[in-house]
Structures are given as structure tokens and as C-alpha cells.
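The next block holds one structure in the form of C-alpha cells; read it before the comments.
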Amino acid sequence: PTEVQQAGTPFTADWMNHIEDGIYNAATRADISSNPNLLINGGFAVWQRGESFTIPRTGYGTGKYTADRWRVWANLDSTGGNITVTKAADGMHVESDGAAFMSYRFEAADVEALSGKTLTLSLSRNGAVSVIPVTLSGNAFSITLLYGAGTTTINWIKLEVGEEATPYVPKGYGEELLACMRYYQVTGNIFLPGYITVGGASCSYVPPVPLRTTPTLGGNVNDTTVRPVDH
């Protein structure tokens with residue numbers, strides 16, 4: 001207390017400068033604040049289906065979902081060959097012998113919420129950030145990965161409301177995974193209690209995240225072992 005009293009006016013001036021600096025820094029942070037990313041898995045962190053894909057250049061219908069929520073495809077006018085998509089430490093790596101494209105789909109409720117709003121799409125390609133036009137066609141939009149033969153890495157993609165792009169802020173992996181699981185889930189081996197009847201066995205499975213619609217089951221769905229309760 002004695003030192004504070006002796007400091008007098010200089011201490012008060014320093015304290016006021018500190019407060020003013022804090023106010024300035026807060027205003028600066030507000031100026032560069034980021035809008036939320038409207039895209040799920042915009043940083044390509046979640047790859048539930050695998051981490052490497054080979055996609056024939058035969059049109060959208062034979063394209064594949066690669067990183068969750070992102071479908072890669074090529075036009076029918078190609079001369080053959082494949083697109084290779086792999087998970088990379090810095091995003092999605094793409095190799096192709098010709099033009100390659102990627103699409104993202106929204107739910108109907110999302111399309112309705114975005115209707116009439118100005119949207120800005122920004123992406124980082126090989127570390128360089130650019131802002132590109134985006135137009136929703138129905139419930140989807142597409143971007144060009146490659147205009148011709150070559151390789152590229154898409155680090156992240158962000159869609160936001162507004163006329164200007166704001167900084168990309170990645171979400172946590174758990175948050176992205178839960179959002180992706182609304183559209184696709186991998187169960188692995190699971191234990192389901194049920195009962196046996198003359199016609200067979202019956203059991204129920206409740207997914208950890210509610211799905212968008214009634215799912216199609218894939219994988220070893222017939223690989224089932226029935227065990228008595230006391231075992």
C-alpha cells in the first residue's frame with residue numbers, strides 16, 4: 001500500500017492506459033470476429049468412410065462421398081481415368097487426369113433458412129485463401145477442384161451469411177463428428193439385447209445421434225451371433 005501511495009499520479013496514469021489498451025484490443029477483436037461456418041466438416045477433419053478413394057471419371061451419379069458431407073465427381077465428357085482423393089494432414093488432397101468437382105447438399109430446412117440471404121464462400125487451396133461465387137442449385141452447390149489434370153489440396157471451405165468473408169475458425173473434432181453422424185454413421189461391432197421367436201431373432205438399435213431419415217444399412221448386417229442370456 002505504501003508503494004502505491006508513493007507512486008501517486010504515475011500509477012493512476014499507467015492504470016488508465018492499461019484500461020484504454022484493453023478497450024482498444026477488444027474493439028479490434030470485434031472487428032475481426034468470425035461468422036459461423038454454415039458447412040459441416042468444412043475443415044475435412046471427419047472421414048468415416050475411409051481415408052482414400054478412387055473415383056471413375058464418369059459423371060456425378062458415380063461420384064463418391066469422401067470426407068463426410070463432400071461428394072467428388074467428374075463430368076461425363078472426360079476421356080477416362082480416375083480421381084484420387086486422400087486425407088491429408090492439411091485437408092483433402094486431390095489428384096486427377098482432368099477436371100474434378102465437389103458438391104455439398106443442404107437439408108430442406110437449411111435451404112429455407114438461407115433463402116434470400118447474401119452468402120459468401122471462401123476456401124483455402126494449397127494455403128492460399130480466395131473468395132469464390134456460390135449459387136445454390138436446389139439444395140446443393142458445387143465447386144471446381146481442378147480445371148484440368150493436376151493435383152491440389154483443399155485446406156478448408158467456409159460458407160457464411162454476409163457480403164464479406166471472415167476468418168475461418170475450425171470447430172472441434174467431436175462437434176464435427178456428431179454433426180456428420182446425422183447423415184452417416186459407422187457402428188462397428190455392437191451388442192443388442194433382444195429375443196428369439198419361432199420365426200427368428202429380433203432386437204432394436206438406437207443410434208447415438210438421430211439420423212436425418214430412415215437409413216440404409218450396409219456392411220456385415222447379416223453377420224450375427226445369438227447368445228443365451230446366461231452366456
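Values below: all heavy atoms of this structure, side chains included; hydrogens, waters and symmetry mates excluded.
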Closest approach of [X] to [Y] (non-hydrogen atoms, all atoms of both residues):
X      : Y      : value
Thr120 : Gly162 : OG1-O, 2.6 Å
Arg125 : Leu145 : NH1-O, 2.6 Å
Asn155 : Gly127 : OD1-N, 2.8 Å
Trp70  : Ile40  : NE1-O, 3.8 Å
Leu146 : Gly98  : CB-O, 4.2 Å
Val111 : Gly138 : CG1-O, 3.9 Å

**OP:** Give every residue pair that meets the salt bridge (Lys or Arg N to Asp or Glu O under 4.0 Å) criterion with at least one member in residues 143-161, sequence neighbours excluded.
**Re:** Lys158-Glu160
Subject >> salt bridge (Lys or Arg N to Asp or Glu O under 4.0 Å) partners of residues 176-203, not counting sequence neighbours, each pair once >> reply: Glu107-Arg182
Taking side chain as C-beta onward, heavy atoms only, is [X] less than 4.5 Å from [Y]?
X      : Y      : answer
Val209 : Gln185 : yes
Tyr104 : Leu159 : no
Phe101 : Val72  : no
Gln48  : Met181 : yes
Phe141 : Leu39  : yes
Thr153 : Val94  : no
Met92  : Val85  : yes

To the nearest 0.5 Å, what is the distance between [atom1] ([X]) and [atom2] ([Y])?
X      : Y      : atom1 : atom2 : answer
Leu38  : Leu114 : CG    : CG    : 5.5 Å
Glu164 : Thr118 : CD    : OG1   : 11.5 Å
Ile83  : Asp97  : CD1   : CG    : 8.0 Å
Trp47  : Lys87  : CH2   : NZ    : 8.0 Å
Asn35  : Thr166 : CG    : OG1   : 4.0 Å

Subject >> Partner set under side chain to side chain donor-acceptor pair (under 3.5 Å) for Thr84, not counting sequence neighbours >> reply: none
Original post:
If you look only at pairs with a residue in residues 136-145, which of them pass as a side chain to side chain donor-acceptor pair (under 3.5 Å), with sequence neighbours excluded?
Top reply: Ser103-Ser142
**OP:** Please step through side chain to side chain donor-acceptor pair (under 3.5 Å) for the pair Arg71 and Thr66, ending with a clear verdict.
**Re:** CA-CA 6 Å; Arg71 187 179 184 90; Thr66 54; over 6 Å; no
Report the residues that fulfil side chain to side chain contact (heavy atoms under 4.5 Å, CB included) with [X], sequence neighbours left out, ordered by chain and then residue number.
X      : result
Ala88  : Asp90, His93
Tyr195 : Thr197, Ser202
Glu175 : Lys171
Ile132 : Leu121, Leu123, Ser130, Ile143

**OP:** Report yes or no: do Phe106 and Val161 belong to one cluster of Ile/Leu/Val/Met/Phe/Trp/Tyr joined by side chain heavy-atom distances under 4.5 Å?
**Re:** yes
Subject >> Residues forming a ring-ring contact (aromatic ring centres under 6.0 Å, His included) with Tyr65, sequence neighbours excluded >> reply: none
Original post:
Does anything in residues 155-190 pair up under ring pair (Phe, Tyr, Trp, His ring centres under 6.0 Å), and if so which pairs, sequence neighbours excluded?
Top reply: Trp156-Tyr168
Original post:
Other hydrophobic cluster members with Val206, side-chain heavy atoms of Ile/Leu/Val/Met/Phe/Trp/Tyr under 4.5 Å, chained?
Top reply: none
Original post:
So which residues get pulled into Ile190's cluster when ILVMFWY side chains under 4.5 Å apart are joined, directly or through others?
Top reply: Leu192, Tyr205
Original post:
Within the side chain of Ser124, is there an N or O that forms a donor-acceptor pair under 3.5 Å with the backbone of Val129?
Top reply: no
Original post:
Does the Lys64 side chain pair with the main chain of Phe53, one donor and one acceptor, at a distance under 3.5 Å?
Top reply: no
Subject >> More than 12 heavy atoms from other groups under 6.0 Å of CZ on Arg49 >> reply: yes
